[in-house]
Asks: 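Please see the structure below; I have some questions.
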Amino acid sequence: MLKRPYGLAVAQLGPIQPQDTRAQCVARLLEMMREAASRGAKLVVFPELALTTFFPRYWMNEQEAEQRYFEASMPGPETAILFETARKLGIGFYLGYAELTKDGRRFNTAVLVDAQANIVGRYRKIHLPGHSDHKPKAPFQHLEKKYFEVGNEGFKVWDTKEAKIGMCICNDRRWPETWRVMGLQGAEIVALGYNTPSVNIHWPEPPHLRMFHHLLTLQAAAYQNAVWVAASAKAGVEDGSHLIGGSAIVAPSGEIVAQAQGEGDEVIFCQADLAMGDTFKQHVFNFAAHRRPEHYRLIIDRVGAGSTMGAPPTD
Ligand code: CDT
């Protein structure tokens with residue numbers, strides 16, 4: 001089979017402190033965008049909520065959150081330069097940010113921007129982790145359920161000129177349904193950003209499991225859906241709270257082909273051969289030949305099992 005090379009880059013961000021400005025963050029993103037383009041990338045993937053510190057760790061009222069951390073337009077005054085630079089460099093990008101819509105709704109969102117700087121796709125996070133109530137005894141909060149609505153646009157795949165690209169955000173990667181819905185649309189690349197605290201405030205989870213489960217889910221999803229996965233962390237210590245790194249590019253074989261070494265700003269790159277996904281889609285994961293949807297009905301009919309159904313969130 002002919003190779004279909006596609007330059008794929010992931011730009012991991014080190015910590016963003018609460019006092020850091022949008023302009024400072026955007027300058028860091030621009031530097032990495034330039035590096036990604038110079039290495040031959042057609043797409044660079046930035047993290048979830050890439051313009052601010054991971055603010056769901058703070059309890060505040062919604063109005064304050066909107067003023068400090070949300071974007072009322074994309075591109076906006078501080079992010080326009082990202083679009084202009086991408087157009088000049090001829091590179092596409094994925095950018096996660098907190099979206100405030102014109103009618104005042106809030107979503108944890110990512111956009112897919114093409115090499116002409118057009119927004120070609122938008123994804124609003126569906127699997128929101130954490131809680132909406134104040135937990136004063138916890139070392140920090142995880143208030144995504146307070147600040148964001150559940151995404152209302154589903155899991156889509158965008159047919160760009162050179163690749164079919166899907167998007168998801170952070171906690172979505174832990175759920176096989178996320179990937180299969182995109183796999184069934186023929187996704188070739190799935191881009192995702194994440195902010196994963198190494199401490200679980202809900203139960204004493206051994207911290208090493210955070211990295212293990214992160215890579216486990218990416219690798220299983222890449223293989224089972226025959227897609228390339230490009231996953232970008234916001235990493236390091238933000239205001240005393242540690243976020244895991246581990247940004248990675250995973251092939252449809254399930255193998256990690258590039259991985260960030262540290263917890264700072266870092267670009268990783270690989271020349272992804274999209275034909276590898278075609279091979280897996282024609283054989284072991286030939287969905288049309290092998291799937292048995294008549295036996296999968298419970299997946300859509302039932303939300304949870306047994307006694308945990310309807311229980312409060314405990315991630
Ligand atoms: N940002 C985000 O979604 N973080 C969650 C933390 C919960 S860990 C079970 C994540 O899935 O990484």
Side-chain angles (χ1 to χ4, degrees), residues 10 12-16 18 25 45-59 65 69-70 94-99 106-110 123-133 135 138-151 155 167-179 190-221 229-248 250 259-260 263 304 308 311-315:
V10 164
Q12 173 175 286
L13 265 174
I16 299 176
C25 298
V45 179
F46 294 121
E48 172 191 35
L49 301 175
L51 301 169
T52 67
T53 199
F54 188 64
F55 67 88
R57 80 168 68 86
Y58 304 116
W59 177 261
Y69 298 114
F70 280 72
Y94 163 115
L95 178 72
Y97 66 102
E99 178 193 6
R106 295 183 303 272
F107 296 99
N108 186 341
T109 295
Y123 170 70
R124 291 171 169 162
K125 185 173 181 179
I126 287 173
H127 297 102
L128 296 173
H131 51 103
S132 56
D133 57 321
K135 297 194 180 301
F140 55 87
Q141 310 294 301
H142 198 121
L143 291 162
E144 289 194 57
K145 287 187 192 292
K146 171 178 167 70
Y147 297 128
F148 302 117
E149 280 181 55
V150 172
F155 295 105
M167 294 191 279
C168 64
I169 300 178
C170 197
N171 191 261
D172 288 321
R173 72 198 188 288
R174 302 182 195 277
W175 301 88
E177 296 86 348
T178 297
W179 303 91
V190 174
L192 73 109
Y194 59 99
N195 285 258
T196 297
S198 55
V199 171
N200 187 333
I201 62 170
H202 301 285
W203 65 280
E205 180 180 0
H208 75 273
L209 288 181
R210 286 300 174 107
M211 183 62 76
F212 173 65
H213 291 150
H214 158 64
L215 296 174
L216 180 73
T217 52
L218 299 188
Q219 292 183 257
V229 175
S232 178
K234 179 128 69 54
V237 180
E238 285 190 344
D239 198 14
S241 172
H242 181 254
L243 300 164
I244 67 165
S247 296
V250 183
Q259 190 169 0
E263 294 186 338
T308 57
T314 54
D315 54 18

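Counting convention: from 1, in listed order, for ligands and their atoms alike.
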Asks: Could you list the atoms of ligand 1 found under 4.0 angstrom from a heavy atom of K125?
Replies: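 What qualifies from ligand 1 is 1 (N), 2 (C), 3 (O).
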Asks: May I ask you to check whether Y69 and Y147 place their ring centers less than 6.0 Å from one another?
Replies: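 No.
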Asks: Are H213 and ligand 1 in contact, using a heavy-atom cut-off of under 4.0 Å?
Replies: no
Asks: Out of all atoms in ligand 1, which are within 4.0 Å of some heavy atom of T196? Include the element for each.
Replies: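 Counting from 1, the qualifying ligand atoms are 10 (C), 12 (O).
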Asks: Going by heavy-atom distance to atom 2 (C) of ligand 1, choose the closest among C170, P56, A233.
Replies: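 Result: the heavy atom closest to atom 2 (C) of ligand 1 is in C170.
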Asks: Knowing that exactly one of S241, P15, P18, C25 qualifies, which makes a side chain to side chain contact (heavy atoms under 4.5 Å, CB included) with T53?
Replies: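 It is P18, the one option of S241, P15, P18, C25 that forms the side chain to side chain contact (heavy atoms under 4.5 Å, CB included) with T53.
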Asks: Please say which of R106, R124, E149 ends up in a side chain to side chain contact (heavy atoms under 4.5 Å, CB included) with E99.
Replies: R124
Asks: Measure the spacing between CG of L128 and CG of L143 and express it to the nearest 0.5 Å.
Replies: 11.5 Å
Asks: Heavy atoms only, cut-off 4.0 Å: how does F54 contact ligand 1, side chain, backbone, both, or neither?
Replies: side chain
Asks: Output the list of atoms in ligand 1 that are nearer than 4.0 Å to some heavy atom of N195, sorted by atom number.
Replies: 1 (N), 2 (C), 4 (N)
Asks: Number the atoms of ligand 1 from 1 as they appear, then name those within less than 4.0 Å of a heavy atom of N171, with their elements.
Replies: 3 (O), 10 (C), 11 (O)
Asks: Evaluate the ring planes of H127 and F155, with Trp represented by its six-membered ring, and classify them as parallel (under 30°), tilted (30 to 60°) or perpendicular (over 60°).
Replies: parallel
Asks: Would you say H214 touches ligand 1, if touching means a heavy atom closer than 4.0 Å?
Replies: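 The answer is no, since H214 has no heavy atom less than 4.0 Å from ligand 1.
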Asks: Of all heavy-atom pairs between F70 and A65, which one has the smallest distance, and what is that distance?
Replies: CD1-O, 3.4 Å
Asks: Any non-hydrogen atom of R210 lying under 4.0 Å from ligand 1?
Replies: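 Contact check R210 vs ligand 1: positive.
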Asks: Within the structure provided, determine whether F54 and H142 are in side-chain contact (heavy-atom separation under 4.5 Å).
Replies: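 Answer yes - side chains close enough.
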Asks: With heavy-atom distances below 4.0 Å as the criterion, list the atoms of ligand 1 near E144.
Replies: 1 (N), 2 (C), 3 (O)
Asks: With heavy-atom distances below 4.0 Å as the criterion, list the atoms of ligand 1 near E48.
Replies: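 Those atoms are 1 (N).
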Asks: Would you say V199 and H242 make side-chain contact, with heavy atoms under 4.5 Å?
Replies: no
